[in-house]
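One structure is given here, and the rest of the page talks about it.
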Amino acid sequence: MTTPTPVRIYDSLQKQKVAFSPLVPGKVSMYLCGPTPYAAAHIGHAYSAICFDLIRRGLIFLGYDVTFVRNVTDVDDKIIKAAAETGEDPLALSARFADAYNADMARFAVMAPDIEPRVSTHIDPIIKITERLIERGKAYAVDGDVYFSVASFPTYGKLSGQSIDELEAGARIAVDDRKRAPADFALWKAAKPGEPSWPSPWGLGRPGWHIECSAMCWSHLGETFDIHGGGKDLIFPHHENEIAQSQGAFGDDSFARLWVHNGFLNFEGVKMSKSLGNVFGCGEIANAVGAEALRFFLVSHHYRSPIDFEITEVRDAAGTPVGVRFPGLEAADRRLEYFYVTLDRIDGFVAAGGDGGDGAVVPGADRLLDDARAALADDFNAPVTIAAMGEAAKLANKLLDEGKGVAKDVRRRSLARLGRDLRAAGDALGVLGQAPATYLAARRERLVARRGLDVAAIDGLLAERAAARAAKDWARADALRDQMAGLGVELLDTPRGTDWRVKDDE
RNA sequence: GGUGCCAUAGCCAAGUGGUAAGGCAGUGGUCUGCAAAACCACCAUUCCCCAGUUCAAAUCUGGGUGGCACCUCCA
């Protein structure tokens with residue numbers, strides 16, 4: 001195995017990019033706060049999963065052996081509430097939505113986690129950590145509840161920049177007077193009727209919100225591991241509390257060595273929220289532009305930056321809103337099409353005449369992987385990686401168009417190399433994994449459906465135009481081109497006949 | 001009130017001390033019966049504003065302005 005490429009990662013705790021050196025050379029242990037499944041996943045869930053999938057794939061691409069843990073929080077207030085409304089068992093309900101979540105993530109090329117622990121099967125380590133915190137004087141039991149005492153953890157607030165005093169001053173939560181300090185938070189909650197509960201030294205109850213992640217990290221990655229990730233919104237209080245619990249139990253040098261947080265998705269400049277009515281489901285987006293276009297769009301931005309989605313309302317003739325479109329996503333899909341068309345051309349060329357065997361390639365045809373490595377090693381810079389892929393695709397198209405001055409085998413070899421490397425770099429980002437024909441056909445089908453086109457009619461016009469062209473009746477051929485353009489169909493004459501595509505930019 | 005983040009061309013978007021990647025759109029060109037696609041060329045003396053540090057700043061410091069988020073469930 002080759003030596004992994006050294007990588008620099010932005011650490012939320014140190015607030016700067018740092019040289020990353022894993023606990024065990026060559027191996028990386030990662031924990032990501034996963035979903036709390038109580039409803040269908042929305043695009044924000046997908047973004048977080050995709051960001052950390054990008055980091056995971058990036059590390060693998062750079063030569064690391066990654067252990068990736070993403071939990072499912074299946075014991076939670078929201079799940080219990082949703083289950084009460086449907087009469088379903090809370091664990092069954094969350095299992096159902098967890099499966100749906102995983103199916104959605106698979107559509108976006110998110111790799112399944114190596115380990116996917118659930119809270120409900122980690123009650124034992126939760127109790128153990130809680131007991132340990134009580135023994136160490138960092139937690140206290142009151143009437144079947146157990147609270148963590150923030151006063152016992154002097155560095156509380158180091159991740160979020162909050163201080164206990166300020167939190168108290170600005171607290172918007174009603175203060176529970178059984179707590180010693182307002183910022184103290186529950187590790188264990190006494191059971192309420194009808195809720196899932198487990199026996200504990202403090203009576204029947206269930207875990208508080210933050211302790212589960214500390215327990216699952218400990219169970220699967222040990223007291224100390226490399227990277228802990230999540231959405232920016234989790235910094236406070238969730239991750240702050242995780243640090244307090246875990247380090248309170250296992251010491252100041254324990255727990256995550258690096259914290260990574262992804263930026264948020266905004267729609268028309270504002271965050272996505274139910275009250276604003278701008279929550280978009282994974283399925284809705286995937287059907288509108290294709291799952292891979294969303295993935296491509298997202299990795300065209302740096303994972304720490306906020307991403308803004310432009311939305312265009314679609315109205316019918318009477319002015320009634322009938323849906324929305326996402327111009328940015330559609331632009332990303334067009335760029336993705338360019339890459340697939342390029343791969344398709346390369347594949348056709350190589351299939352027809354071979355890959356030219358081993359040997360030298362044209363200048364620049366061998367640099368993509370090095371460029372991708374350099375970009376990804378610098379805090380997983382996917383946009384720069386995509387730019388490098390663009391250069392490679394451009395060179396491939398150039399060789400395809402005008403390979404005249406290049407020796408035959410060098411040309412074949414270069415194109416085969418470019419195709420391979422494009423796919424390898426794409427794999428590091430989770431894109432370009434489909435067969436070009438599959439992607440291209442699905443895209444055309446999607447656009448045909450959107451415009452309500454009749455493919456049989458198009459084929460008829462195509463045949464008619466072919467006949468006109470054969471007869472050199474250019475006026476008729478052009479009239480047919482115009483007619484089809486009016487339908488939104490663009491014609492592409494090639495030496496092997498006429499192909500067509502649906503215009504999507506209006 | 002407290003804590004963070006962001007501001008780069010018409011649009012999208014990298015770049016955290018060394019003299020502005022990439023994409024879209026646009027303009028001109030090659031190719032084409034004409035187109036499209038592809039390719040080539042052009043396209044920010046300048047990075048929200050002001051002051052400062054430095055030989056050197058989009059990048060660092062201070063002060064503004066505008067936007068967003070967290071402190072309550074939130075990806």
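Just so it is clear, the values below take in all heavy atoms, side chains as well, and ignore hydrogens, waters and symmetry mates. Every chain is numbered from 1, with letters handed out A, B, ... down the list of sequences.
Between A:Trp209 and the phosphate of B:C74, there is a side-chain N or O to OP1/OP2 separation shorter than 4.0 Å. Distances shown here put a side-chain N or O of A:Arg335 below 4.0 Å from the OP1 or OP2 atom of B:C24. The phosphate of B:A36 (OP1 or OP2) has no side-chain N or O of A:Lys503 nearer than 4.0 angstrom. In terms of phosphate contacts, A:Lys78 brings a side-chain nitrogen or oxygen within less than 4.0 Å of OP1 or OP2 of B:C74. At the phosphate of B:C5, neither OP1 nor OP2 sits under 4.0 Å from any side-chain N or O atom of A:Lys232.
Rounded to the nearest Å, the gap between the C1' atom of B:C6 and that of B:A13 is 14 Å. Comparing the P positions of B:A21 and B:U45 gives a spacing of 13 Å, expressed to the nearest Å. Only the C1' atoms considered, B:C5 is 32 Å distant from B:C43, to the nearest whole Å. Of the C1' atoms belonging to B:A57 and B:A41, the separation is 32 Å, rounded to the nearest Å. Nucleotides B:C60 and B:C47 place their C1' atoms 16 Å apart, quoted to the nearest Å. Of the P atoms belonging to B:U59 and B:U46, the separation is 15 Å, rounded to the nearest Å. On the P atoms, B:A35 is 29 Å away from B:A44, given to the nearest whole Å. One P atom belongs to B:A69, the other to B:A75, and the distance between them is 16 Å to the nearest Å.
Counting non-hydrogen atoms under 4.0 angstrom, A:Gly231 reaches the backbone sugars and phosphates but no base. Among the protein residues, A:Arg481 comes within range of the nucleic acid bases, having at least one heavy atom under 4.0 Å from a base atom. Residue A:Asp499 is out of contact with every strand shown, counting any heavy-atom pair closer than 4.0 Å. At a threshold of 4.0 angstrom between heavy atoms, the contacts of A:Arg70 with the nucleic acid are absent. Within 4.0 Å of A:Leu265, counting heavy atoms only, lies at least one base atom of the nucleic acid. Residue A:Gly161 is in sugar-phosphate contact alone, with no base atom involved, counting any heavy-atom pair closer than 4.0 Å across all strands shown. In this structure, A:Gln16 reaches neither bases nor backbone, as no heavy-atom distance under 4.0 Å exists between it and the strands shown. A:Glu402 comes within 4.0 angstrom of sugar-phosphate atoms only, judged by non-hydrogen atoms across all strands, and of no base.
Atom CZ of A:Arg476 and atom P of B:A35 are 20 Å apart (whole Å). Here the P atom of nucleotide B:G22 and the CZ atom of A:Arg367 are 11 Å apart, to the nearest Å. In this structure, the CZ atom of A:Phe349 is 19 Å from the P atom of B:A38, given to the nearest Å. In this structure, A:Asp233 atom CG and B:C5 atom P are separated by 16 Å, rounded to whole Å. For A:Asn397 and B:C31, the CG to P distance is 18 Å, given to the nearest whole Å. Going from atom CD1 of A:Ile79 over to atom C1' of B:C74 covers 14 Å, rounded to whole Å. A:Gln162 has its CD atom 7 Å from the C1' atom of B:C70, to the nearest Å. Atom P of nucleotide B:G33 and atom CG of A:Asp478 are separated by 12 Å, given to the nearest angstrom.
Looking at which nucleotide of RNA chain B each of A:Ala387 and A:Arg469 is closest to, the 5′-most match is held by A:Ala387. Heavy-atom nearest nucleotides on RNA chain B were determined for A:Arg345 and for A:Glu391, and the one closer to the 5' end corresponds to A:Glu391.
As the counterpart of B:G1, B:C71 is assigned, both hydrogen-bonding distances of the Watson-Crick or G-U wobble pattern falling under 3.5 Å. Across all strands shown, B:A41 forms a Watson-Crick or G-U wobble pair with B:U27, both key distances being under 3.5 Å. For B:G66, the paired nucleotide is B:C6, the pair qualifying as Watson-Crick or G-U wobble because both relevant distances are below 3.5 Å. In this structure B:A51 sits in a base pair with B:U61, meeting the Watson-Crick or G-U test at under 3.5 Å.
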Task: side-chain hydrogen bond (donor to acceptor under 3.5 Å, both in side chains) between A:Asp77 and A:Tyr38, worked out - done: CA-CA 10 Å; A:Asp77 291 345; A:Tyr38 65 100; over 6 Å; no
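Counting only distance, with no hydrogens or angles, the side chain of A:Asp493 and the backbone of A:Thr498 share no donor-acceptor pair below 3.5 Å.
Both the sub-6.0 Å distance and the 45° axial angle are not jointly satisfied by A:Arg335 relative to the ring of A:Phe296.
Distance from the side chain of A:Tyr338 is smallest for B:C39 among the nucleotides B:G23, B:C39, B:A75. Distance from the side chain of A:Leu492 is smallest to B:A37 among B:G33, B:A37, B:C74. Taking only side-chain atoms of A:Asn266, from C-beta outward, the nucleotide of B:C68, B:A37, B:A75 with the closest atom is B:C68.
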Task: B/S/- contact track for nucleotides 13-20 of chain B, protein heavy atom under 4.0 Å - done: SSSS----
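The stacking criteria are not both satisfied for A:Phe264 over the base of B:A69, which would need a centre-to-centre distance under 5.5 angstrom and an angle between ring planes under 30 degrees.
Across all non-hydrogen atoms, the minimal contact from A:Glu88 to A:Arg96 is OE1-NH2, 2.8 Å.
Remark: aromatic rings of A:Phe52 and A:Phe68 are distant, center separation not under 6.0 Å. Ring to ring, A:Phe280 and A:Phe326 are close: their centroids are under 6.0 angstrom apart.
For the pair A:Arg443 and A:Asp333, the salt-bridge criterion is met [side-chain N within less than 4.0 Å of a carboxylate O].
In terms of polar N and O atoms assigned as donor or acceptor, the side chain of A:Asp493 comes within less than 3.5 Å of the base of B:C34 in a complementary pairing.
With a 6.0 Å radius and a threshold of 12 heavy atoms from other residues, nucleotides or ligands, A:Glu464 has its CD atom above the threshold. Around NZ of A:Lys408, the count of heavy atoms belonging to other residues, nucleotides or ligands within 6.0 Å does not exceed 12. By the neighbour-count criterion of 12 heavy atoms within 6.0 Å, atom CZ of A:Arg118 is densely surrounded, having more than that number from other residues, nucleotides or ligands.
Side-chain contact check for A:Ile307 versus A:Tyr47: some heavy-atom pair is nearer than 4.5 Å.
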